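Contents: one structure, followed by commentary.
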Amino acid sequence: MTEQILQSFDVQGFQTNLIDWYQANKRDLPWRHDQDPYKVWVSEIMLQQTQVATVIPYFQRFIAKYPTLHDLAYADQQDVLKTWEGLGYYSRARHLQNAVREVVASYDGEVPDDPKALGSLKGIGPYTKGAILSIAFNKPQPAVDGNVMRVLSRVLKIEDDIAQPKVKKQFEHYADGIISDKDPSSFNQGIMELGALVCTPKEPMCLFCPVQEYCRAFQEGMEQDLPVKSKAKKQKKVHYTVLLICNDNDEYLIEKRPDDGLLANMWQFPMVPVDEIGKDHMDNWFQLEYGIDITLSAKQGDLKHVFSHIIWQLEIVTATTSRDQAADKRLRFVSRDMLDEYPFPVSHQKMMPYITSR
DNA sequence: AACCCGGGGTC
DNA sequence: GACCCAGGGTT
């Protein structure tokens, strides 16, 4: 069945038009200045689920701080998370450093160009594997991301739901069938660039498309109806009271989150799950959980933070304590100035305006 | 295959 | 506020 789809498709013509268009129109992006496999790798991890415009400043700061694979391997994880702060999906940073250390330990510091070895590294899935192999090593491996699925669903008129895992595998098969052997790097980057600049989700600019003549969706006037994609389900709401607890030294209590799950190893102000606790017992519950006596002060406001699967409804409350030490290693009293040294998720960066000197 | 992981943008 | 974008890991 898949053979049918590529039958009578002019692979040669498509490749030529796409690659020529890419060479003439590619954006000057920081990770395109050389083919250093390490930099290609970092950029592809950052670009997962993240827009190019968002990634650019992060990539530049990251490479300035960790210019080589070894610099990253020997860095402190907290510093790496701090550099990643605000970019989201922090497991990407932890997996990347884990994988880089593996490359130093097992591959003499050289990024492997073998698909099996590369794909076994933490954080490198089918897409990133193909992207690194094609862009850094010029190997004809498919790299199918959302852009590529959108372009191919239109060009080849594929009406399957791209949200399904098995459908993504089908696209990898098609991509494998049409990728250029001569210039796989430009082909893969070209098809993604096309998806980003021309074959956009809404209102694609078909009149400027270099492969319009090969596009089956365009021929049938249905480019706006593809790809087919089922919708994600709604997020659950969770209520917390966030405590901004200040001691006599004008230090605030922060805690390091667990080393797995949501926002792993990031820091935050203590959060009380009010739905379970109830507001009345908050100070009691806090003493039990944290071993610290507090006096609740005043409500400062409400914040909402939206994740892909959760919505945090946050009530910000100030409190005081006479303590300046905590028994738990994940708890710390920190001065205002020192807060900047810790990696906080964006949700808790929103608290900073409520941090004031006494 | 279903679910868990952030953050940003547009309208 | 509703909607859209988008890979990898784990179970």
Side-chain angles (χ1 to χ4, degrees), chain A residues 41-59 81 83-99 102 118-132 141-153 160-172 175 188 191-192 195-197 199-204 224-238 257-268 302-314 343-350:
Chain A
W41 184 1
V42 170
S43 72
E44 288 301 337
I45 299 294
M46 286 188 171
L47 287 163
Q48 290 170 5
Q49 316 292 76
T50 313
Q51 301 287 323
V52 164
T54 306
V55 167
I56 290 173
Y58 280 92
F59 177 83
L81 285 175
T83 313
W84 208 272
E85 181 185 78
L87 198 53
Y89 285 110
Y90 300 96
S91 66
R92 292 184 297 175
R94 293 184 291 111
H95 289 325
L96 173 61
Q97 194 186 25
N98 174 313
E102 175 69 19
L118 192 59
S120 70
L121 295 169
K122 270 273 188 288
I124 300 186
Y127 163 74
T128 309
K129 179 175 69 174
I132 295 172
Q141 295 281 324
V144 174
D145 69 350
N147 283 315
V148 174
M149 283 198 281
R150 183 171 60 254
V151 172
L152 291 186
S153 74
D160 301 299
D161 179 3
I162 65 168
Q164 292 186 339
K166 63 170 184 181
V167 174
K168 193 192 168 184
K169 287 192 174 174
Q170 285 297 313
F171 276 98
E172 280 163 0
N188 277 350
I191 200 163
M192 290 188 271
L197 300 180
C199 196
T200 47
K202 280 182 255 179
E203 309 286 341
Q224 302 261 27
D225 305 320
L226 292 174
V228 174
K229 187 181 177 186
S230 56
K231 282 172 188 169
K233 53 177 192 177
K234 274 194 172 175
Q235 303 100 321
K236 276 186 190 166
K237 276 189 185 168
V238 193
R257 292 180 60 91
D259 60 14
D260 61 354
L262 181 67
L263 302 167
N265 284 349
M266 301 291 281
W267 290 76
Q268 66 179 19
D302 292 292
L303 280 177
K304 188 172 107 163
H305 191 78
V306 180
F307 298 91
S308 31
H309 291 89
I310 319 165
I311 297 176
W312 277 357
Q313 293 280 1
L314 307 175
F344 286 89
V346 167
S347 49
H348 281 255
Q349 288 170 25
K350 294 178 186 169

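This one's a predicted model, so the numbers in the text were calculated from it and none came from an experiment. Naming: A, B, ... by sequence-line order, numbering from 1 per chain.
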Q | Of the listed nucleotides B:dC4, C:dG9, C:dC4, the one nearest the side chain of A:His95 | A | C:dG9
Q: Determine, using ring centers only, whether A:Trp312 and A:Phe307 are less than 6.0 Å apart.
A: yes
Q: Please state how far atom CG in A:Leu96 lies from atom P in C:dG9, giving the value in whole angstrom units.
A: 12 Å
Q. What integer number of Å spans the C1' atoms of C:dC5 and B:dC5?
A. 15 Å
Q) Closest to the A:His305 side chain: B:dA1, C:dG8, B:dG7? A) B:dG7
Q | A:Thr128 side chain to A:Gln48 side chain, donor-acceptor N/O pair below 3.5 angstrom | A | yes
(Q) Just so I know, are the side chains of A:Trp267 and A:His348 near enough to count as touching, which here means a heavy-atom distance under 4.5 Å? (A) no
Q) Roughly, in whole Å, what's the span from CG in A:Leu87 to C1' in B:dG8? A) 10 Å
Q. Between B:dG7, B:dC3, B:dC5, which nucleotide has the shortest distance from any of its atoms to the side chain of A:Leu262?
A. B:dC5
**Q.** Heavy atoms from other residues, nucleotides or ligands near CD of A:Gln51 exceed 12 (cutoff 6.0 Å)
**A.** no
(Q) What contact category does A:Lys229 fall into here, base, sugar-phosphate, or nothing, at under 4.0 angstrom with non-hydrogen atoms? (A) base
Q. Starting at CD1 of A:Ile311 and ending at P of C:dA2, how long is that distance when rounded to a whole Å?
A. 9 Å
**Q.** A:Lys166 side chain, from C-beta outward: closest of B:dA1, C:dG8, B:dC5
**A.** B:dA1
Q: Go through C:dG8, C:dC5, B:dC3 for me and flag the one nearest to the A:Thr128 side chain.
A: C:dG8
Q. Closer to the 5' end of DNA chain C via nearest nucleotide, is it A:Gly123 or A:Gln51?
A. A:Gln51
(Q) What's the separation between atom NZ in A:Lys237 and atom CD in A:Gln313, rounded to the nearest 0.5 Å? (A) 5.0 Å
Q. Could you give the distance from OG (A:Ser153) to CG (A:Asp225), rounded to the nearest 0.5 Å?
A. 10.5 Å
Q. Are any non-hydrogen side-chain atoms of A:His305 and A:Ile310 less than 4.5 angstrom apart?
A. no
**Q.** Out of C:dG1, B:dA1, B:dC5, whichever nucleotide has its closest atom nearest the side chain of A:Pro165
**A.** B:dA1
Q: Would you classify A:Leu263 as touching base, sugar-phosphate or nothing, given that sugar-phosphate means primed atoms plus P, OP1 and OP2, and contacts are heavy atoms under 4.0 Å?
A: sugar-phosphate
Q | Pairwise 5' ranking along DNA chain B for A:Lys202 and A:Tyr89, keeping only the more 5' one | A | A:Tyr89
Q. For A:Arg150, which contact category applies under a 4.0 Å heavy-atom criterion: base, sugar-phosphate, or nothing?
A. sugar-phosphate
Q) Ignoring hydrogens and angles, does a donor from either the side chain of A:Gln49 or the base of C:dG7 sit under 3.5 Å from an acceptor on the other? A) yes
Q: Find the distance A:Gln313:CD to C:dG1:C1' and express it as a whole number of Å.
A: 12 Å
Q) Considering only side-chain heavy atoms of A:Val346, which listed nucleotide, B:dG7, B:dA1, B:dC5, is closest? A) B:dG7
Q. Between C:dG8, B:dG7, C:dT10, which nucleotide has the shortest distance from any of its atoms to the side chain of A:Gln48?
A. C:dG8
(Q) By the 4.0 Å heavy-atom rule, please label A:Ser91 as base, sugar-phosphate, or nothing. (A) nothing
Q. A:Leu47 has an atom CG; how far is it from atom P of C:dG7, in whole Å?
A. 9 Å
Q) To the nearest Å, how far apart are A:Phe307 CZ and C:dC4 P? A) 21 Å
Q.
Nearest to the A:Asp145 side chain among C:dT10, C:dC5, C:dG7, which nucleotide is it?
A. C:dG7
Q: Rounded to the nearest angstrom, tell me the gap between atom NZ in A:Lys234 and atom P in C:dA2.
A: 6 Å
Q) Within the structure shown, what part of the strands sits under 4.0 Å from A:Ile124 by heavy-atom distance: base, sugar-phosphate, or nothing? A) sugar-phosphate
Q | Rounded distance in Å - CD (A:Glu85) to P (B:dG8) | A | 11 Å
(Q) Assuming nearest nucleotide by heavy-atom distance, tell me which of A:Tyr90 and A:Gln164 is located more 5' along DNA chain B. (A) A:Gln164
**Q.** First of A:Lys304 and A:Met149 reached from the 5' end of DNA chain C, by closest nucleotide
**A.** A:Lys304
